[in-house]
Amino acid sequence: MTASVNGTKDAQQFDVVIIGGGHNGLVCAAYLARAGLKVKVLERRAVVGGAAVTEEFHPGFRNSVAAYTVSLLNPKIIADLDLHQHGLQIVERPAQNFLPLPDGGYLLTGEGRTKSEIAKFSTADAERYDRYCAKLETIADTLRDLVLRAPPNVVEGIGWRGLRELARAAALGNTLRGLDLEEQRLLLDLFTRSAAEILSEWFEAEPIKALLGFDSIVGNYASPFDPGTAYVLLHHAFGEVNGKKGAWGHAIGGMGAITQAMAKAAAEHGAEIETEAEVAEVLIERDHVVGVALRDGQVVRAKTLAANVNLKLLYTRLLPEAALPHDFLKRMRRFKCGSGTFRMNVALSELPSFTALPGKTAGAQHGAGIIIAPSLAYMDKAYRDAREHGWSREPIVEMLIPSTLDDSLAPPGAHVASLFCQHVAPELPDGRSWDDARDEVADLMIATVDAYAPGFAASVVGRQTLSPLDLEREFGLIGGDIFHGALTLNQLFSARPMLGYADYRGPLRGLYHCGSGAHPGGGVTGAPGHNAARTILADLKPFSSF
Ligand SMILES: Cc1cc2nc3c(=O)[nH]c(=O)nc-3n(C[C@H](O)[C@H](O)[C@H](O)COP(=O)(O)OP(=O)(O)OC[C@H]3O[C@@H](n4cnc5c(N)ncnc54)[C@H](O)[C@@H]3O)c2cc1C
C-alpha cells in the first residue's frame, strides 16, 4: 500500500469485492475465483466464518461460538469446493435428540430407536411416525431441489428479464408437479399454518409434539401456535449428514472447521481474504457501485460488490439514503430481523447427570441435541412471557455437548457445552439494555439445565454469553437474528429480501446479495453464496457458469 498525492491510500482494484467473510461470502468468493475473477473478501472480525466460527472462550476450552450443529450445508457445495480435502470432517450424533421431562420420563430419538421411544407415550403415534417422516421428507426433497436455484423474480414489463423469470416460474411449476395433490396441500399447510396445528393432526402425545415442534421455534421469535411456524420446522428438515437425510451432526473442530475449509478453498482459487477490514461505506458513482471505503480509510475498488452482511445493516448503515430507491429503503427498514435467541458456551468439569437418565459417563443422551422444552404449551408460554417481560422464568434451552464427539475442544476429562436458548425479546420491553440483563438471564439458563440435571451449575467452570445485542455487535446480526431476517412467508423465496429483488441483484448496478438475507435464508447452507455467485457469473462471464 502506498500513499497517493492527496494523502489517501492508493486504492486496490478487484473484479469483485465481497463485504463480509461469513460462510456465504467465502462460498461466493470460492466459486467466483474458481471462474477466474479477481476477488477480495473483506471481513470485519479477526477471523473469517461469521456466525460459523470456533474460538477459545475459556483457557483450554474451545467451541463453536454461535452456530453449533451441521445438517443444512449443501452436499454440492461440499463437493464443488473439496471441503473434505480441505480438512472438513463431519460426524453423526450417537442419538439425534434427548427430551428430558419434568416427571422423570424422557424421549431419546435416533436411528433404530425413535419408534420404540415414541411408543412409550403412544403406540398410535409410533405407528404414524414413519408416514409423517415420509411426507415431510417428500416436501423437504422438493425444497432441496429449490435451494440451489434463484427463485422466480417479480419484474415489471416483458423484456428479456421477464422472459427469464417466466422460464424460472415454469421450472418451479414443473418441480411442484412432482408432488401429488395431497402433498401439494401439505406444502401449502407447511408454508402457512402453525407447527402446533399440523403436529396435533398427526400426533397425540405432548412429548412427541414438543420434540418435533422445537424446530419450528429455533431462531423464530414466535409461538409454535402461530401461523407460519410450520415452515421453520420444514426449513430445519432439508439438510443431511454424510448422505443421511434430516440428520444433524458435528464438524470436528467445531463450525469453524467448515469455514476454515471454505477459506482454504477460496484462497486456493486465488481469492484474497483480509480480516480486521471493516467496510464503513459503499462507494457509488451515479447508480453504479464502484468500491468500498474501510473504517481505516483504505479504499478497495471493484465494479461488482457482493454483500454477505445482513441486508438491513447494508442498506441502513453502509449506503447513503439518497442513493437508494425510496420505496426499497422504506421496506428494508421494515424487514423483520430478531430471532429471540440467547447463546452460551460453558466449560464443564464433568458431564451432567440427568434425573431422567442418570449417569456421568458419556451415554447417547450426552451426544444428542438435549431439548429442555417439554411441551408446545411450554414454548408458547416462553414466547408470551418474553413478549411481556423480556424473557421467561421457564426458558427453552437446547444443549449440545460436542466434546463427547470431539476431543479437540476441551482438556481430557472436561467438556464444553453449547446452550442455544430461545425466546428472549430481541429488545427488552421496558427499555432496559441487554447489557444490564445478560448475566441474570445467563444464570437463569444454567439454572434451567440444573433443574433437569442437578449438579450442572456447579460443574460450570467458565462461560461465554451472547445476548441478542451481543450477537448484533459481534457478528452484525441485526436484532440477533440468526437467519439475517425472519423466515416468514412475506420474507421467503421470491419475497426474500423483497419482491422484485429475489435474483441476488440489489437496487444499484453492480451490487449483489450473497448472504442469508437472500433465498433460501439462514442456516449454514452455503446456498445464498452459491446462487449469488451464479448470478454474478451470468452477468460478468456468461460462458463460465457452474
Ligand atoms: C446463535 C446462533 C446459532 C445458530 N445455530 C445454527 C446451527 O446450529 N446450524 C446452522 O446451520 N445454522 C445456525 N445458525 C444460523 C447460521 O449460523 C447463520 O444463518 C449463517 O451462519 C449466516 O451466514 P452468512 O454467511 O450468511 O452470514 P454471517 O455468518 O452473518 O456473516 C456475515 C459476515 O459479515 C461480517 N461483517 C459484518 N459487518 C461487516 C462490515 N461492515 N464489514 C465487513 N464485514 C462485516 C460479519 O463479521 C460476518 O463475518 C445459528 C446462528 C446463530 C447466531
Side-chain angles (χ1 to χ4, degrees), residues 17-29 40-53 64-74 215 218-219 235-236 238-239 248-251 254-256 258-259 262-263 273-282 292-295 300 305-314 317-319 339-345 369 398 400 402 418-422 464-468 470-485 487 513-518 520-530 532:
V17 162
I18 296 184
I19 308 172
H23 84 283
N24 278 310
L26 296 170
V27 167
C28 189
K40 175 94 173 184
V41 179
L42 297 167
E43 166 54 43
R44 190 183 64 84
R45 298 187 77 230
V47 58
V48 291
V53 283
S64 308
V65 178
Y68 58 98
T69 180
V70 58
S71 173
L72 307 176
L73 183 59
N74 195 278
D215 276 347
V218 168
H235 190 84
H236 284 99
F238 70 69
W248 287 81
H250 171 74
M255 298 299 276
I258 299 175
T259 44
M262 288 171 171
I273 300 173
E274 192 174 331
T275 55
E276 298 180 309
E278 179 178 356
V279 172
E281 192 184 347
V282 170
V292 294
L294 302 191
R295 182 71 58 208
V300 186
L305 302 181
N308 176 209
V309 293
N310 176 298
L311 292 178
K312 198 163 180 172
L313 184 152
L314 172 75
R317 300 188 192 168
L318 303 186
L319 275 149
S339 286
T341 58
F342 190 95
R343 181 76 172 83
M344 295 181 71
N345 291 300
E398 184 187 22
L400 256 83
S418 307
L419 268 56
F420 192 33
C421 315
Q422 307 296 320
Q464 175 187 43
T465 306
L466 295 161
S467 72
D470 298 320
L471 289 171
E472 175 165 331
R473 280 198 289 236
E474 193 58 48
F475 300 105
L477 298 167
I478 302 294
D481 197 310
I482 75 165
F483 297 130
H484 284 209
L487 299 178
H513 304 153
C514 72
S516 297
V524 181
T525 66
H530 167 279

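Numbering starts at 1 and runs along the sequence shown. Whatever order the structure lists ligands and atoms in, that order sets their numbers, starting from 1. Here the structure is a predicted model, which is why all the values come from computation and not from measurement.
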Any nitrogen or oxygen of E43, side chain or backbone, less than 3.5 Å from one on ligand 1? yes
Looking only at distances, can you tell me whether any N or O atom of V279, backbone or side chain, sits closer than 3.5 Å to an N or O atom of ligand 1? yes
Using a 4.0 Å heavy-atom cut-off, which part of A277 comes near ligand 1: side chain, backbone, both, or neither? backbone
At a 4.0 Å threshold, what atoms of ligand 1 neighbour a non-hydrogen atom of G515? 26 (O)
Of all residues at least two apart in sequence or in a different chain, which pass the salt bridge (Lys or Arg N to Asp or Glu O under 4.0 Å) check with R317? E472
Give the contacting part of L477 toward ligand 1: side chain, backbone, both or neither, where contact means a heavy-atom distance below 4.0 Å. side chain
Can you tell me the protein heavy atom closest to atom 29 (O) of ligand 1 and the distance? A51 N, 2.9 Å
Under 3.5 Å: N/O of A66 near N/O of ligand 1: no
Any N/O pair W248/ligand 1 closer than 3.5 Å: no
What do you reckon, does T341 put a non-hydrogen atom under 4.0 Å from ligand 1? no
What part of R44, side chain, backbone, both or neither, has a heavy atom within less than 4.0 angstrom of ligand 1? both
Where's the contact between F420 and ligand 1, heavy-atom distance under 4.0 Å: side chain, backbone, both or neither? side chain
Tell me the protein heavy atom at minimum distance from atom 10 (C) of ligand 1, and give that distance in Å. V524 N, 3.5 Å
Heavy-atom side-chain proximity of R44 to F475 below 4.5 angstrom: no
Can you list everything that forms a ring pair (Phe, Tyr, Trp, His ring centres under 6.0 Å) with H513? Sequence neighbours excluded, please. Y315
Is any N or O atom of S516, backbone or side chain, closer than 3.5 Å to an N or O atom of ligand 1? yes
For G523 and ligand 1, does the shortest N/O to N/O distance drop below 3.5 Å? yes
Ignoring hydrogens and geometry beyond distance, is a side-chain donor-acceptor pair present between D481 and S339 at under 3.5 Å? yes
Does any N/O atom on H484 come nearer than 3.5 Å to any N/O atom on ligand 1? yes
Output yes when the distance from some N or O of ligand 1 to some N or O of V309 is under 3.5 Å, and no in every other case. no
Angle between ring planes, W248 versus H236, binned at 30° and 60°: parallel, tilted or perpendicular? tilted
Return yes or no for this condition: an N or O of Y68 is under 3.5 Å from an N or O of ligand 1. yes
